[in-house]
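Below, chains carry the letters A, B, ... as their sequence lines are ordered, and counting in each starts from 1.
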Amino acid sequence: MKSFSIKLFLVPRRASSLPSTATSFTSQCRPTSHLFDEIPHLDHDPCRFNALLSYHVRAGEPAFALQLFQQMRSLGVPLDSYSFPPVLSACSTSQASGRQVHALMLKFGCISSPITATSLLDMYSSNSPINDVLSVFDEMLEKDTVAWNALLSSLITHGLAADAFAAFRSMVSSRVYFNGFTLCSLLKACVALRALNKGRQIHAWVIVTAYDSLVMATALVALYSSVGQVEAAMEVFNGLESPKDLAIFNALANACVKNGRFNDVFELLVKVKPLDERMLTSAITACSESFNLAYGKQTHCIILRYGLQLDTILCNALINMYSKCGDLHSAHLVFTRIEKKNVASWTSIIDSYGSHGRGNEALTLFQRMEEEEVSCSVLPNAVTFLSVLSACSHSGMVNEAKECFFLMKDKYAIDPGPEHYACLIDLLGRAGKVEEAWDLFCSLYESRNGLTSSVCVAMLNACTVGMDFAKGDEVAKHLLKLGTPNSSNYVQVSNFYGAFGRWLGVEELRTGFSRRGLKKQFGTSHVAV
DNA sequence: TTAGGGTTAG
């Protein structure tokens, strides 16, 4: 309890947002006083307690809010519709506490107000499956704009962007007005679906309805960025008359990274002060993508100067940057210093060793991850397994790759995707095990994943290495039937026929290639000067 | 009570 008072005294900025009743209460506290020693002075007044609950939630102290709520219960303070929104917000990470509060809402008859019901929906949205959210929404007596907005937001959070659009249509047909929050959520759904046309329509609504704001502009920058329209993103950014905040600068920096405008990111980095984790993550990613170790090291120095070296996501980006720029030693050093390693940290370092041809070390790291899984509860995911498989592939470790493939299915219940199959088929092919690769390839016919072009390309290479024309010919025809407008597919098929001296086939392919307007992409090398 | 910006493969 001692830290409660100290925290308040150390953060004067937050004290300004303190409700007046709570201010008077906290001003009575001595720096070392105990919170609940003071509670009798609140006279069991629910208004004062509710104000204090809200204050703790806004100050980012949900644990204090929950303690206070428990104290209110034991003191017999009557709960009303103002008590529940803040306490539900404090339950966002605990489903069990949230359900208890839900029960109390029913007991105190505070479920019918749209405000408390929306808070309840929001709580389930942050810690429960979507069905719980939908149940709350269905049972709401009055579904106003805010309730619908909360539902849309929840659907998007649960990865159901297409359903968010369906919900929006129901909202409109229920004659509920939409507002700027609604449009903002729809823009986020467009980002998830990469839906440029829908996004443009919403942009038009934003202009027509004059719901333009910094938040809306940021969502628009994210939209245009996600579909590769960086010029449109810049137009939104430059057209803003109001002062810009860090979020919109970060959104634009991210747009530049995703669209290969690396120098623009470095220019933004100079303009923005102070920098935060997100802006620096974009800068580090720009260094990775442009293989610019010198800028990467300078940005790392800025990170140290800002004292942000403990941020896990930023460190993951640093591991990736050092690895891509060839400095595996620094990548490892960053990894060892991460206090809270997450699945991306482990995946990044495994991939670093794997892509540098250090398959054994990559596998050792994966085993360490599995050992630490019990204490740190960090589980490998599909990307981790792809990194392990890729590490085995780069080092020709066939048996280890096969073990990993089955471990993924049997122990972790992760369905291998086409990319996992492609990696394993590629490895088997290069090891001359065409029959084994073929069995895997055929098993994909039966699975729902289907045969993607990357799987076909891997199998085609296996047939080229193993000089198996019959199988390769079948795969080549399937690959061309997929109709993926990818010049490298044509090149692979052409090389396959060339390897067997079937030059007529090669000629035909090259003609078809030019007719479709495809151009061969040349390989590039990078030299930092 | 509802809305915006970051990391991991090939």
With a non-hydrogen cut-off below 4.0 angstrom, is [X] in contact with a base, only sugar-phosphate, or nothing?
X: A:L88; answer: nothing
X: A:L252; answer: nothing
X: A:L389; answer: nothing

(message) Enumerate the side-chain hydrogen bond (donor to acceptor under 3.5 Å, both in side chains) contacts for residues 226-249 of chain A, please, sequence neighbours excluded, ordered by first and then second residue.
(response)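 Pairs touching residues 226-249 of chain A that pass the test: A:E231-A:R261.
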(message) Between A:F69 and A:F49 (judged by ring centroids, cut-off 6.0 Å), do the two rings come close enough to count as a pair?
(response)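 No; A:F49 has its ring centre 6.0 Å or more from that of A:F69.
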I need the residues from [range] with at least one non-hydrogen atom less than 4.0 Å from DNA chain B; give them sorted by number, or say none.
range: residues 353-364 of chain A; value: none
range: residues 135-166 of chain A; value: A:V146, A:N149, A:S153
range: residues 264-284 of chain A; value: A:D276, A:E277, A:R278, A:T281

Check residues 332-339 of chain A and write down every donor-acceptor pair under 3.5 Å in which the side-chain atom is one partner and the other belongs to a residue at least two apart or another chain.
unit_1: A:H332; atom_1: ND1; unit_2: A:Y353; atom_2: OH; d: 2.9
unit_1: A:T336; atom_1: OG1; unit_2: A:H332; atom_2: O; d: 3.4
unit_1: A:T336; atom_1: OG1; unit_2: A:L333; atom_2: O; d: 2.7

(request) Scan side-chain atoms only and decide if A:T384 and A:T347 contain a donor-acceptor pair under the 3.5 Å cut-off. (result)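 Indeed, the side chains of A:T384 and A:T347 share at least one donor-acceptor pair under 3.5 Å.
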(request) Would you check if there is a donor-acceptor pair between the side chains of A:N320 and A:D351 at a distance under 3.5 Å? (result)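 Looking only at side-chain atoms, A:N320 and A:D351 do not form any donor-acceptor pair under 3.5 Å.
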(request) Tell me, please, the opening and closing nucleotides of DNA chain B, 5' to 3', among those with an atom under 4.0 angstrom from a non-hydrogen atom of chain A. (result)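 For DNA chain B, the relevant span reads B:dT1 to B:dG10.
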(message) Can you classify the ring geometry of A:F168 versus A:W205 as parallel (below 30°), tilted (30 to 60°) or perpendicular (above 60°)?
(response)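 Tilted.
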(request) Run the salt-bridge test on A:R368 and A:E372 with the 4.0 Å N-O cut-off and return the result as yes or no. (result)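 A:E372 and A:R368: salt-bridged.
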